[in-house]
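All remarks here apply to the structure that follows.
Numbers here are sequence positions counted from 1.
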Amino acid sequence: MTQVQDLKYRQWFRGADVDGDGVITRQDVRMMGERYIAARGAAPDSATARRLTDGLDAFWTGVIEPMDRDGDGKVDLREMTEGFRTALADPSRYPQQVGPVADCYFDLIDLDGDDRVDQAEFQQIFGLAGNVSPEDSAAVFAALDLDGSGGLDRAEFHRALAEFFYGDDPDDPATHLFGRFTG
């Protein structure tokens with residue numbers, strides 16, 4: 001794992017530790033989904049909310065839970081960093097590991113259903129995800145909008161998440177999806 005990946009994963013960990021107790025649990029992962037669903041005003045029993053909940057459960061079971069080396073039901077920063085180093089080593093696995101959850105988030109973020117995420121939608125969700133400031137969120141969004149359309153289509157969204165979780169380019173705007181850091 002590169003230093004850039006280590007810094008990105010620390011940022012992600014801060015957002016995923018929803019209750020702020022220094023560990024990620026299945027409850028944190030569920031609460032992460034619940035806060036997105038609530039922020040978007042989606043019904044908890046809607047198809048998108050159920051897909052997101054199911055996707056996050058699969059993400060917990062397939063990616064996060066196996067990082068729990070001591071079996072206490074909690075993943076601390078060390079366990080998560082070591083786990084990401086192993087679990088997210090192969091970018092070709094993105095479609096199985098991150099892709100389904102990313103699709104759910106895309107659908108949830110795209111409140112108006114136009115199959116693109118505009119800047120306001122992007123800022124709301126990433127402000128929740130990692131306490132990203134509106135200024136940083138706007139700058140990242142503008143850089144990720146590769147075609148200059150004013151919105152991220154599904155392909156641009158997936159490219160950004162793949163770069164965040166698997167890439168190590170400190171200059172790529174996706175590096176700062178979950179908050180800016182200096183490295």
Side-chain angles (χ1 to χ4, degrees), residues 1-39 44 49-106 108-109 122 124-133 136-137 140 157-158 160-183:
M1 177 183 312
T2 68
Q3 180 182 10
V4 171
Q5 288 171 315
D6 186 50
L7 291 168
K8 290 191 297 186
Y9 296 161
R10 285 177 191 265
Q11 283 297 97
W12 185 87
F13 184 89
R14 287 184 190 116
D17 179 15
V18 175
D19 60 13
D21 65 356
V23 294
I24 301 172
T25 63
R26 180 183 294 271
Q27 186 60 28
D28 283 305
V29 174
R30 286 184 177 152
M31 288 171 24
M32 191 186 319
E34 290 167 3
R35 71 179 172 181
Y36 297 133
I37 292 165
R50 281 193 311 274
R51 277 185 46 231
L52 178 61
T53 301
D54 291 347
L56 285 171
D57 280 343
F59 186 68
W60 167 262
T61 302
V63 178
I64 303 295
E65 186 176 39
M67 297 177 193
D68 180 14
R69 296 287 183 212
D70 58 11
D72 64 356
K74 303 172 186 174
V75 176
D76 63 27
L77 180 60
R78 181 191 53 76
E79 288 173 318
M80 190 222 55
T81 302
E82 291 172 2
F84 272 2
R85 185 178 299 133
T86 303
L88 300 179
D90 182 0
S92 71
R93 298 216 42 217
Y94 173 88
Q96 295 82 30
Q97 292 177 316
V98 180
V101 175
D103 276 331
C104 291
Y105 275 111
F106 185 92
L108 192 61
I109 296 167
F122 182 87
Q124 182 181 21
I125 206 70
F126 284 98
L128 286 171
N131 299 318
V132 181
S133 75
D136 284 349
S137 184
V140 168
F157 189 73
H158 277 289
L161 286 170
E163 175 59 33
F164 179 84
F165 283 107
Y166 298 92
D168 64 356
D169 180 355
D171 298 320
D172 191 290
T175 295
H176 304 286
L177 267 179
F178 294 92
R180 207 164 269 296
F181 61 81
T182 57

A side-chain contact here means heavy atoms from C-beta on lying under 4.5 Å apart; do [X] and [Y] qualify?
| X | Y | answer |
| --- | --- | --- |
| Arg30 | Thr25 | no |
| Asp70 | Glu79 | yes |
| Gln5 | Thr81 | no |

For this session: Report the C-alpha separation of Asp54 and Arg50 in whole Å, then their side-chain angles, then the decisive distance to 0.1 Å, and conclude whether the salt bridge (charged side-chain N to carboxylate O under 4.0 Å, His left out) test is met.
Result: CA-CA 6 Å; Asp54 291 347; Arg50 281 193 311 274; over 6 Å; no
Return the [atom1] to [atom2] distance between [X] and [Y], rounded to the nearest 0.5 Å.
| X | Y | atom1 | atom2 | answer |
| --- | --- | --- | --- | --- |
| Met32 | Ile24 | CE | CD1 | 6.5 Å |
| Ile37 | Leu56 | CD1 | CG | 8.0 Å |
| Met31 | Asp19 | CE | CG | 5.0 Å |
| Glu82 | Met80 | CD | CE | 10.0 Å |
| Asp68 | Trp60 | CG | CH2 | 6.5 Å |
| Ser137 | His176 | OG | NE2 | 13.0 Å |

Exercise. Is the backbone N or O of Gly22 less than 3.5 Å from a side-chain atom of Asp17, with the two atoms forming a donor-acceptor pair by type?
Worked result: yes
For this session: Taking Tyr9 for its side chain and Val4 for its backbone only, find out whether a donor-acceptor pair lies under 3.5 Å.
Result: no
Problem set entry | Val98 and Arg93: CA distance, side-chain angles, deciding distance, side chain to side chain contact (heavy atoms under 4.5 Å, CB included) verdict | CA-CA 8 Å; Val98 180; Arg93 298 216 42 217; over 6 Å; no
Exercise. Do His158 and Tyr94 have ring centroids that are under 6.0 Å from one another?
Worked result: yes
Nearest heavy-atom neighbours spanning [X] and [Y]:
| X | Y | answer |
| --- | --- | --- |
| Pro95 | Pro91 | CD-O, 4.3 Å |
| Phe165 | Leu88 | CD2-CD1, 3.8 Å |
| Phe122 | Leu177 | CZ-CD2, 3.7 Å |
| Gln96 | Pro100 | O-CD, 3.9 Å |
| Ala49 | Pro44 | CB-O, 3.4 Å |
| Glu163 | Asp168 | OE2-N, 3.6 Å |

Exercise. Does Phe59 have any ring-ring contact (aromatic ring centres under 6.0 Å, His included) partners at least two apart in sequence or in another chain, and if so, which?
Worked result: none
Exercise. Residues two or more places apart in sequence or in another chain: which of them pass ring-ring contact (aromatic ring centres under 6.0 Å, His included) with Phe164?
Worked result: Phe178
Problem set entry | Gln11-Arg14 side chain donor-acceptor pair, cut-off 3.5 Å | yes
For this session: State which residues pass salt bridge (Lys or Arg N to Asp or Glu O under 4.0 Å) with Asp103; sequence neighbours excluded, sorted by chain then number.
Result: Arg154
Problem set entry | Parallel, tilted or perpendicular: rings of Trp12 and Phe84 (30°, 60°) | tilted
